[in-house]
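Pasting a structure here, questions to come.
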Amino acid sequence: MTTRDIDENVRAELSRLRESIDNIDAAVVHMLAERFKCTQQVGHLKAQHHLPPADPERESRQIERLRQLAESAKLDPAFAEKLLNFIIAEVIRHHETIAANPQVSPDA
């Protein structure tokens with residue numbers, strides 16, 4: 001069975017829900033872009049002051065905070081933790097790159 005074979009009302013509802021999902025996905029991407037702009041600035045500040053790219057204490061606090069937010073939002077905390085760990089790993093990679101080449105502008 002394909003979406004062409006289903007009731008018009010069901011097809012319309014499916015389309016409406018998928019449009020909402022597409023809008024949410026776009027918002028998530030834009031929010032991540034804003035987050036990475038901020039973390040890039042953190043990376044440059046760390047590089048300027050010879051601070052390490054990773055901050056395990058902050059990361060642990062953030063993971064616990066996000067797990068609590070996930071629970072209150074009825075989202076699987078383990079999923080939220082995996083997502084944040086993935087983001088943190090990317091941020092640390094960016095910070096390591098910045099530390100190796102600190103003269104590059106944070107706006108680049």
_So does Ala12 get a backbone contact from the side chain of Ser15, meaning a donor-acceptor N/O pair under 3.5 Å?_
no

*asked:* Any carboxylate oxygen within less than 4.0 angstrom of a Lys/Arg side-chain nitrogen, looking at Glu19 and Arg16?
replied: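 Not counted as a salt bridge, because no side-chain N and carboxylate O are separated by less than 4.0 Å.
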
_Can a side-chain donor-acceptor contact be found between Glu34 and His30 if the only test is distance below 3.5 angstrom?_
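Absent: no donor and acceptor within the cut-off.
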
_side chain to side chain contact (heavy atoms under 4.5 Å, CB included) partners for Glu57, two or more places apart_ =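 Here the qualifying residues are Asp55, Arg61.
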
_Show the nearest heavy-atom pair for residues Ala99 and Ala47, with the distance to one decimal._
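Looking at all heavy atoms of both residues, the closest pair is CA-CB, 4.1 Å.
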
*If you measure from CD1 on Ile6 to CD on Glu13, what distance do you get to the nearest 0.5 Å?*
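The CD atom of Glu13 is 10.5 Å from CD1 of Ile6, to the nearest 0.5 Å.
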
_Linked hydrophobic residues, Leu66 as query - side chain contacts closer than 4.5 Å_ =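 Its cluster mates, by chain and number, are Ile63, Leu69, Leu84, Ile88, Ile92.
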
_Derivation of the side chain to side chain contact (heavy atoms under 4.5 Å, CB included) call for Arg35 and Val91_ = CA-CA 10 Å; Arg35 188 185 195 287; Val91 168; 3.8 Å; yes

*So which heavy atom on Pro53 is nearest to which on His95, and how close?*
O-ND1, 3.2 Å

*Contact check, side chains of Leu32 and Val28, non-hydrogen atoms, under 4.5 Å*: yes

*Non-neighbouring partners of Gln48 that pass side chain to side chain contact (heavy atoms under 4.5 Å, CB included), sequence neighbours left out*: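 Only Leu45 meet the side chain to side chain contact (heavy atoms under 4.5 Å, CB included) criterion with Gln48.
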
*asked:* One pair to check against salt bridge (Lys or Arg N to Asp or Glu O under 4.0 Å): Arg11 and Glu8. What are the steps and the verdict?
replied: CA-CA 5 Å; Arg11 193 173 341 142; Glu8 181 62 35; 3.3 Å; yes

*Rounded to the nearest 0.5 Å, what separation is found between the CD atom of Glu59 and the CD1 atom of Ile87?*
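With rounding to 0.5 Å, CD (Glu59) is 12.5 Å from CD1 (Ile87).
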
*List the atom of Pro77, the atom of Ala70, and the distance in Å for their closest heavy-atom pair.*
CA-CB, 3.9 Å

_side-chain contact (heavy atoms from CB on, under 4.5 Å), paired with Ile21, selected from Ile24, Asp25, Asn23_ =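 Exactly one pass, corresponding to Asp25.
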
_So, taking the atom named NZ in Lys46 and the one named CD in Glu96, what distance separates them when rounded to the nearest 0.5 Å?_
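CD of Glu96 is found 10.0 Å from NZ of Lys46.
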
